[in-house]
Enquirer: 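First the structure, which I've put down as structure tokens, then a few questions once you've had a look.
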Amino acid sequence: ACDPVSGNQASVAGDKVTHKQCLSRLEGNKPEVAEAAKLAFDSKIDAIRRIVALQALAETVPAATDLVRYFHGQLSEAGRARPEILRVVGSNLLTDGRFVDARGVLRRLVTATPDDGQAVVWSAWADAVAGDAVDAGSAVSGLRSFARKHEDSKWATTAAGVLPSSSPGM
């Protein structure tokens, strides 16, 4: 019954037994794909949790990125402003090399979570790549400040590592 080549898909659509058979076959061969399918179609999963979980699967399940974009489009403005969602969107924009678009998203993320080293580093990166000399200077200053305030953070080490070697105070 779970044979996409048989031409019988329409007659089994919505059939719970067939749905479970298909998922069990996927779970044996492609557990990540089965997990993405469960996340996409389980109406009991909160929208924010769904997007964050699908994003975590994006490297191994390329279609998960499309699902993230789809479900992101379904969110309210308040949902889109949540730090978890800003992180997902910012990450995807950076991955796609869209630094100009990432700047605003990452600035909002840093404002919402100022002690989040990853957000600070990502925002500085986007500013340094897409901004002017003033933005690049602000990015360096922000990284220095974060590294001083959060010496024990792995992101402070990352921040210090990307600072120009001639930077005083580091």
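One is the number of the first residue; the rest follow in order along the sequence.
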Enquirer: Got a sec, which pairs hit ring-ring contact (aromatic ring centres under 6.0 Å, His included) with one end in residues 48-95, sequence neighbours left out?
Expert: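 Found none.
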Enquirer: Residues two or more places apart in sequence or in another chain: which of them pass side chain to side chain donor-acceptor pair (under 3.5 Å) with R107?
Expert: D127
Enquirer: Working to the nearest 0.5 angstrom, can you tell me the gap between L106 CG and L94 CG?
Expert: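 Going from the CG atom of L106 to the CG atom of L94 covers 5.5 Å.
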Enquirer: Find the distance between OG1 (T60) and CG (L57) and round it off to the nearest 0.5 Å.
Expert: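 Output value for this atom pair is 5.5 Å.
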Enquirer: What residues, two or more places apart in sequence or in another chain, satisfy salt bridge (charged side-chain N to carboxylate O under 4.0 Å, His left out) together with E77?
Expert: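 Scan of E77 (salt bridge (charged side-chain N to carboxylate O under 4.0 Å, His left out), adjacent residues dropped) gives R80.
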Enquirer: Which atoms form the tightest heavy-atom contact between D135 and D132, and what is the distance?
Expert: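 Looking at all heavy atoms of both residues, the closest pair is N-OD1, 2.9 Å.
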Enquirer: Run the side chain to side chain contact (heavy atoms under 4.5 Å, CB included) test on V88 and E84 for me, step by step, so that the C-alpha distance in whole Å, both residues' side-chain angles and the decisive distance to 0.1 Å come before the verdict.
Expert: CA-CA 6 Å; V88 167; E84 309 95 295; 5.9 Å; no
Enquirer: Could you tell me if the side chain of V61 sits less than 4.5 Å from the side chain of L67, heavy atoms only?
Expert: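 Sidechains of V61 and L67: no contact.
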Enquirer: Take K154 and T158, measure what side chain to side chain contact (heavy atoms under 4.5 Å, CB included) needs, and give me the verdict at the end.
Expert: CA-CA 6 Å; K154 75 174 185 173; T158 301; 5.5 Å; no
Enquirer: Report, as yes or no, whether the 6.0 Å neighbourhood of atom CD on Q74 holds more than 12 heavy atoms from other residues, nucleotides or ligands.
Expert: yes
Enquirer: So which heavy atom on A139 is nearest to which on A124, and how close?
Expert: CB-O, 3.4 Å
Enquirer: Roughly how far, to the nearest 0.5 Å, is CZ of R108 from CD1 of I85?
Expert: 11.5 Å
Enquirer: Residues in side chain to side chain donor-acceptor pair (under 3.5 Å) with E59, at least two apart?
Expert: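 By the side chain to side chain donor-acceptor pair (under 3.5 Å) rule, E59 matches no residue at all.
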Enquirer: Is it the case that the side chain of S123 and the backbone of A119 share a donor-acceptor pair, with hydrogens and angles ignored and the cut-off at 3.5 Å?
Expert: no
Enquirer: Quick one: do I48 and L75 satisfy side chain to side chain contact (heavy atoms under 4.5 Å, CB included)? Show the steps, please.
Expert: CA-CA 8 Å; I48 303 296; L75 289 176; 4.0 Å; yes
Enquirer: Evaluate the criterion side chain to side chain contact (heavy atoms under 4.5 Å, CB included) for residue pair L86 and V89; output intermediate values, then yes/no.
Expert: CA-CA 5 Å; L86 293 171; V89 172; 5.9 Å; no
Enquirer: Nearest heavy-atom pair of A130 and R103: which atoms, and what distance?
Expert: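 Shortest heavy-atom contact: CB-CD, 3.6 Å.
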Enquirer: Locate the shortest heavy-atom distance separating A64 from L54; write the atom from each residue and the value.
Expert: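 The answer is CB-O, 3.4 Å.
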Enquirer: Using the side chain to side chain donor-acceptor pair (under 3.5 Å) rule, collect all pairs that involve residues 88-99, keeping only residues at least two apart or in two chains.
Expert: Q55-N92, R69-D96, R98-D101
Enquirer: Is a side-chain donor or acceptor of T113 paired with a backbone partner of L109 at a separation under 3.5 angstrom?
Expert: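 Yes, because the side chain of T113 sits within donor-acceptor range (under 3.5 Å) of the backbone of L109.
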Enquirer: Mind jotting down which residue pairs meet the ring-ring contact (aromatic ring centres under 6.0 Å, His included) criterion with at least one end in residues 95-151? Sequence neighbours excluded, please.
Expert: F99-W125, F146-H150
